[in-house]
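Heads up, the thing below is written out as structure tokens.
Sequence positions, counted from 1, serve as the residue numbers for this chain. Source: prediction; values computed, not measured.
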Amino acid sequence: MGKLLIVGTMAFDAIETPFGKTGRILGGAGTFIGLAASQFKINAAIVSVVGDDFPQSYMDILKNKNIDLSGVEVVKGGKTFFWEGKYHNDLNSRDTLATELNTLADFNPVVPNDYTDADIVMLGNLHPNIQLSVINQMKKRPKLIVLDTMNFWMDNTWDELMTVISKIDVITINDEEARQMTNEYSLVKAAAKIQEMGPKYVVIKKGEHGALLFHKDNIFFAPALPLEEVFDPTGAGDTFAGGFAGYLTEAGNISFESMKNAIIHGSNLASFCVEKFGTDRMVDLKKSEVEARLTQFKELTQFNIELT
């Protein structure tokens with residue numbers, strides 16, 4: 001069984017959308033990635049840090065999904081990372097109301113011994129030096145290193161970001177971030193420039209408009225499934241990344257064709273994430289639901305063109 005190492009935040013989120021408002025609920029990139037990856041037949045571990053204010057019930061949610069938490073540091077007397085945001089009516093833009101780094105400010109990740117030989121490493125959106133530290137702890141080069149990042153790190157830690165990007169295989173970013181990183185409006189040109197920085201594969205997420213996969217001269221596009229209701233987009237990108245990495249870990253096949261399937265599986269799982277606030281939908285997600293929606297994806301995307 002393949003091993004997936006996940007590095008990312010386990011956090012508290014407080015979210016407001018046009019459909020309602022929450023108090024502090026379970027969130028964080030590592031949490032969403034882990035819940036998505038748990039849909040696959042793999043061994044997965046999360047490397048993260050929390051304070052002792054992080055409830056055991058939240059830990060149990062992840063443990064019950066057979067996720068190894070031996071790499072999660074609990075800081076006595078510390079407070080867990082907290083993010084609060086308010087989404088606009090279109091749900092594509094949001095305002096950050098509060099960001100409290102807390103224990104994350106001094107986080108030094110320690111990879112569990114059982115995962116220093118992981119097949120795939122999924123580096124969630126964190127400081128580039130934390131991502132690099134994890135790469136340096138691996139006993140052997142993983143089959144695939146996937147990295148997520150955001151414009152904050154481009155603005156504030158460009159040199160460190162470029163160092164870690166030169167050592168990875170896949171980068172997942174959104175269209176706005178790809179354009180900022182390269183000063184190219186065309187996503188095709190942007191992807192080509194990013195590949196010159198190091199990653200062999202570039203995944204550009206376009207929210208409700210799907211995702212693009214680039215490798216050399218090959219391009220693949222996966223749409224997002226049209227949904228009747230979207231309650232909360234928080235965590236959708238991380239869920240996508242977890243589905244992408246989880247599928248590839250189970251498949252054991254690192255190729256452009258395999259990544260096409262991984263993109264579909266990631267998009268499929270992300271379509272569930274947005275249906276409820278926070279992690280609620282992912283926690284209760286059943287295999288039968290996932291398979292049924294994959295069939296919808298197939299019907300949405302497959303067709304024959306008759307050339308005359």
Side-chain angles (χ1 to χ4, degrees), residues 15 17-19 27 29 31-33 35-37 39-40 85 87-94 122 124-125 146 148-151 170-179 185-188 190-191 201-215 218-248 256-282 284-303:
I15 302 156
T17 79
F19 304 102
T31 302
F32 283 106
I33 294 169
L35 289 172
Q39 289 290 327
F40 301 90
Y87 286 86
H88 299 177
N89 287 336
D90 63 1
L91 292 177
N92 287 323
S93 54
R94 69 189 185 193
M122 176 67 231
N125 176 21
V146 187
D148 190 17
T149 192
M150 66 182 297
N151 48 14
V170 185
I171 186 170
T172 67
I173 52 176
N174 67 32
D175 45 0
E176 177 190 355
E177 292 158 353
R179 289 176 172 129
Y185 183 80
S186 162
L187 294 179
V188 176
Y201 302 89
V202 177
V203 177
I204 298 180
K205 299 170 289 186
K206 292 170 60 63
E208 63 181 319
H209 303 298
L212 288 156
L213 170 66
F214 297 87
H215 174 58
N218 299 309
I219 303 175
F220 175 71
F221 172 73
L225 193 70
L227 299 171
E228 289 185 15
E229 291 183 311
V230 176
F231 274 85
D232 174 19
T234 309
D238 295 314
T239 300
F240 170 89
F244 177 83
Y247 173 84
L248 290 172
F256 188 76
E257 289 302 313
S258 186
M259 286 194 191
K260 287 182 182 180
N261 280 294
I263 290 277
I264 294 294
H265 280 269
S267 296
N268 187 49
L269 288 170
S271 74
F272 289 103
C273 178
V274 301
E275 291 181 336
K276 290 185 178 181
F277 281 104
T279 60
D280 285 357
R281 189 69 174 96
M282 299 306 296
D284 299 325
L285 186 59
K286 296 179 176 60
K287 196 76 174 176
S288 58
E289 295 177 295
V290 175
E291 291 173 352
R293 193 163 287 183
L294 277 172
T295 301
Q296 287 181 263
F297 257 101
K298 187 175 180 180
E299 293 170 352
L300 178 71
T301 57
Q302 292 195 353
F303 55 90

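A salt bridge is absent between Arg94 and Asp232: the closest approach of a Lys/Arg side-chain nitrogen to an acidic carboxylate oxygen does not fall below 4.0 angstrom. Arg179 has no carboxylate O lying under 4.0 Å from a charged side-chain N of Glu176, or vice versa, which leaves the two without a salt bridge. The pair Arg281-Glu289 counts as a salt bridge, with a side-chain nitrogen and a carboxylate oxygen less than 4.0 angstrom apart.
The two residues Pro233 and Val274 have their closest heavy-atom pair at CA-CG1, 3.9 Å. Minimum interatomic distance between Ala178 and Ala190 (heavy atoms only, all atoms of both residues): O-CB, 3.9 Å. Closest non-hydrogen pair, Val290 versus Leu269, comes out as CG2-CD2, 4.0 Å.
Sorted by first and then second residue, the ring-ring contact (aromatic ring centres under 6.0 Å, His included) pairs with a member in residues 221-242 read Phe19-Phe231; sequence neighbours excluded.
Donor-acceptor pairing under 3.5 Å is recorded for the side chains of Tyr87 and Thr234.
Atom CG of Asp90 has more than 12 heavy atoms from other residues, nucleotides or ligands within 6.0 Å. The local environment of NZ in Lys298 is sparse, with at most 12 non-hydrogen atoms from other residues, nucleotides or ligands closer than 6.0 Å.
No side-chain heavy atom of Thr239 sits under 4.5 Å from any side-chain heavy atom of Phe272. Residues Lys205 and Asp175 fail the side-chain proximity criterion, which asks for heavy atoms closer than 4.5 Å.
Rounding to the nearest 0.5 Å gives a distance of 6.0 Å between CG of Asp238 and CG of Asp148.
Under the 30°/60° scheme for interplanar angles, the aromatic rings of Phe40 and Tyr247 are found to stand perpendicular.
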